[in-house]
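In this chain, numbering begins with 1 at the start of the sequence shown. Both ligands and their constituent atoms are indexed starting at 1 by order of listing.
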Amino acid sequence: MLKDKTALVTGASRGIGRAIALALAKEGAAIVINYVSNRSLAEEVVREIEKTGGKALAIGADVSNFEEAGALVAKAKEVFGSVDILVNNAGVTKDGLIMRMTEEDFDRVLEVNLKGAFNCCRHVVPLMVKQRSGRIINITSIVGLVGNAGQANYAASKAGLVGLTKSLAKEIGSRGITVNAVAPGFIETDMTSGLTEKMKEAAKENIALKKLGTPADVANAVCFLASEKAAYITGQVISVDGGMSF
Ligand code: NAP
């Protein structure tokens with residue numbers, strides 16, 4: 001149970017972040033629902049949590065902006081008193097083959113996916129160090145572990161998150177803070193909705209369980225890492241991919 005804990009979930013207005021927010025709320029945590037543009041969707045997630053007696057607040061912030069990430073963390077602390085769990089989930093794709101990938105598309109993906117996580121960690125860690133406890137969970141991707149043609153920017157950002165995770169785990173473990181990553185495989189969300197049925201069928205062929213994952217599958221792993229049961233786990237990357245990448 002996560003009663004009396006506060007979780008900040010970036011990019012929680014839709015998809016995997018939304019499922020993580022709902023799952024952590026079900027465990028009793030108060031949730032900060034971060035979004036960048038979809039305020040009404042974020043407020044729907046808040047209402048859904050409040051309907052079941054939970055506490056939640058939507059806060060808009062572009063996590064790639066250092067000051068906005070700082071204001072997000074400060075507001076979370078002001079309203080709920082602490083940030084005990086940080087889930088760096090906000091992410092974007094701007095796919096393209098290297099021959100055609102623009103500098104802007106490379107930079108933007110790195111700014112949101114990798115620097116966004118750094119920005120939030122940079123502002124949350126001092127709070128966690130002070131309270132001598134905390135959980136940081138970074139949502140990477142199996143693409144960051146094995147690469148993917150057409151996603152050089154995205155794969156680099158997600159591989160970077162693995163390095164960030166392992167380094168912070170070593171740096172702040174002595175302060176009672178665990179840092180882990182979850183690497184989803186192919187999960188059905190807006191991010192993957194552009195793929196044709198034919199592409200999805202082809203993807204399933206490479207998945208041992210022969211089906212795509214759901215946001216709830218990822219949320220379950222995050223809940224475990226946030227729980228007391230994962231107290232002795234840090235610096236790890238847990239793949240939630242139906243057996244796509246081993
Ligand atoms: P999604 O449906 O596209 O949702 C993305 C979320 O991130 C939205 O809530 C969006 O907010 C938010 N966001 C985007 N840019 C942001 C920024 N600059 N600052 C703050 N929030 C921002 O994505 P998803 O599929 O749920 O993916 C969630 C995470 O899982 C991502 O890190 C992704 O890379 C990772 N992942 C996904 C898959 C998959 O198959 N879907 C696989 C592996 C890893 P708005 O609604 O306001 O735009």
Side-chain angles (χ1 to χ4, degrees), residues 8-23 31-46 58-73 75-76 86-95 107-120 123 137-148 151 153-162 164-165 181-195 199-200 203-204 206-207 211-219 221-222 237-242 244-245:
L8 165 53
V9 185
T10 69
S13 44
R14 340 180 235 129
I16 293 171
R18 176 180 180 276
I20 292 170
L22 294 176
I31 316 289
V32 175
I33 310 289
N34 162 250
Y35 64 95
V36 68
S37 54
N38 274 307
R39 186 190 175 135
S40 61
L41 283 185
E43 278 171 356
E44 257 175 50
V45 182
V46 169
I59 306 178
D62 179 346
V63 294
S64 73
N65 180 298
F66 190 74
E67 280 75 34
E68 287 189 35
L72 166 67
V73 172
K75 185 79 186 164
L86 167 65
V87 184
N88 284 309
N89 166 81
V92 292
T93 51
K94 289 190 183 296
D95 298 351
D107 286 348
R108 187 61 191 153
V109 169
L110 269 288
E111 274 166 19
V112 176
N113 299 7
L114 181 55
K115 188 164 176 260
F118 162 76
N119 287 343
C120 292
H123 292 290
I137 300 153
N138 296 322
I139 308 302
T140 176
S141 165
I142 57 157
V143 165
L145 306 176
V146 301
N148 194 23
Q151 290 198 304
N153 49 0
Y154 183 77
S157 73
K158 294 299 184 179
L161 269 182
V162 173
L164 181 76
T165 301
V182 172
F186 199 136
I187 310 295
E188 287 205 272
T189 68
D190 290 348
M191 194 175 265
T192 49
S193 63
L195 299 175
M199 287 157 98
K200 287 184 187 174
K204 281 184 206 169
N206 294 320
I207 299 172
K211 58 181 181 185
L212 306 184
T214 66
D217 289 325
V218 181
V222 172
V237 183
I238 299 183
S239 292
V240 178
D241 67 355
M244 193 177 178
S245 65

Is it true that [X] lies under 4.0 Å from ligand 1, counting heavy atoms only?
| X | answer |
| --- | --- |
| Leu41 | no |
| Thr93 | no |
| Thr10 | no |
| Ala12 | yes |
| Lys115 | no |
| Gly185 | yes |

Has [X] got a side-chain atom pairing as donor or acceptor with [Y]'s backbone, closer than 3.5 angstrom?
| X | Y | value |
| --- | --- | --- |
| Ser64 | Gly116 | no |
| Lys94 | Tyr154 | no |
| Ser239 | Asp241 | no |
| Asn206 | Met244 | no |
| Thr140 | Ala183 | no |
| Asn65 | Glu68 | yes |
| Asn89 | Thr10 | yes |
| Asp62 | Val36 | no |
| Thr189 | Met191 | yes |

Would you mind listing which atoms of ligand 1 come within a distance below 4.0 Å of any non-hydrogen atom of [X]?
| X | result |
| --- | --- |
| Arg108 | 18 (N) |
| Ser141 | 43 (C), 44 (C) |
| Asp190 | 2 (O) |
| Asn34 | 20 (C), 21 (N) |
| Asp62 | 17 (C), 18 (N), 19 (N) |

request  = Over 60° means perpendicular and under 30° means parallel, so classify the ring planes of Phe66 and Phe118, tilted if in between.
outcome  =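 Ring orientation of Phe118 relative to Phe66: parallel.
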For [atom], the protein heavy atom that lies nearest, with its residue and separation:
| atom | value |
| --- | --- |
| atom 5 (C) of ligand 1 | Gly91 O, 3.8 Å |
| atom 33 (C) of ligand 1 | Tyr154 OH, 3.4 Å |
| atom 9 (O) of ligand 1 | Ser13 OG, 2.7 Å |
| atom 39 (C) of ligand 1 | Ile187 O, 3.6 Å |
| atom 21 (N) of ligand 1 | Ala90 CB, 3.5 Å |
| atom 19 (N) of ligand 1 | Val63 N, 3.1 Å |
| atom 32 (O) of ligand 1 | Asn89 O, 2.7 Å |
| atom 10 (C) of ligand 1 | Arg14 NH2, 3.7 Å |

*Apply side chain to side chain donor-acceptor pair (under 3.5 Å) to the pair Asp190 and Ser193, showing each step before the final yes or no.*
CA-CA 5 Å; Asp190 290 348; Ser193 63; 4.8 Å; no
Under 3.5 Å: N/O of [X] near N/O of ligand 1:
| X | answer |
| --- | --- |
| Val92 | no |
| Ser37 | yes |
| Lys158 | yes |
| Val36 | yes |
| Thr189 | yes |
| Gly11 | yes |

For the atom pair CG (Asn88) and CG (Asn34), what is the distance rounded to the nearest 0.5 Å?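 So the CG of Asn88 and the CG of Asn34 are separated by 9.5 Å.
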### Separation between CZ of Arg18 and CD of Glu44, rounded to the nearest 0.5 Å
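Reported value, rounded in 0.5 Å steps: 7.5 Å.
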For Ile16, which part has a heavy atom under 4.0 Å from ligand 1: side chain, backbone, both, or neither?
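Under 4.0 Å from ligand 1, Ile16 contributes backbone and side-chain atoms.
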- Item | Proximity of Ala61 to ligand 1 by residue part, where a heavy atom lies under 4.0 Å |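 Looking at Ala61 and ligand 1, just backbone atoms fall under 4.0 Å.
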Q: Compare all side-chain heavy atoms of Val32 with those of Leu72 and state whether any distance is below 4.5 angstrom.
A: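 Contact flag for Val32/Leu72 side chains = yes.
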| said: Could you check whether any side-chain heavy atom of Leu212 comes within less than 4.5 Å of a side-chain heavy atom of Ile207, counting everything from C-beta outward? | reply: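 SC-SC contact between Leu212 and Ile207 confirmed.
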For a side chain to side chain donor-acceptor pair (under 3.5 Å) check, start with the C-alpha distance between Ser157 and Asn113, then their side-chain angles and the critical distance, and finish with the verdict. CA-CA 6 Å; Ser157 73; Asn113 299 7; 3.2 Å; yes
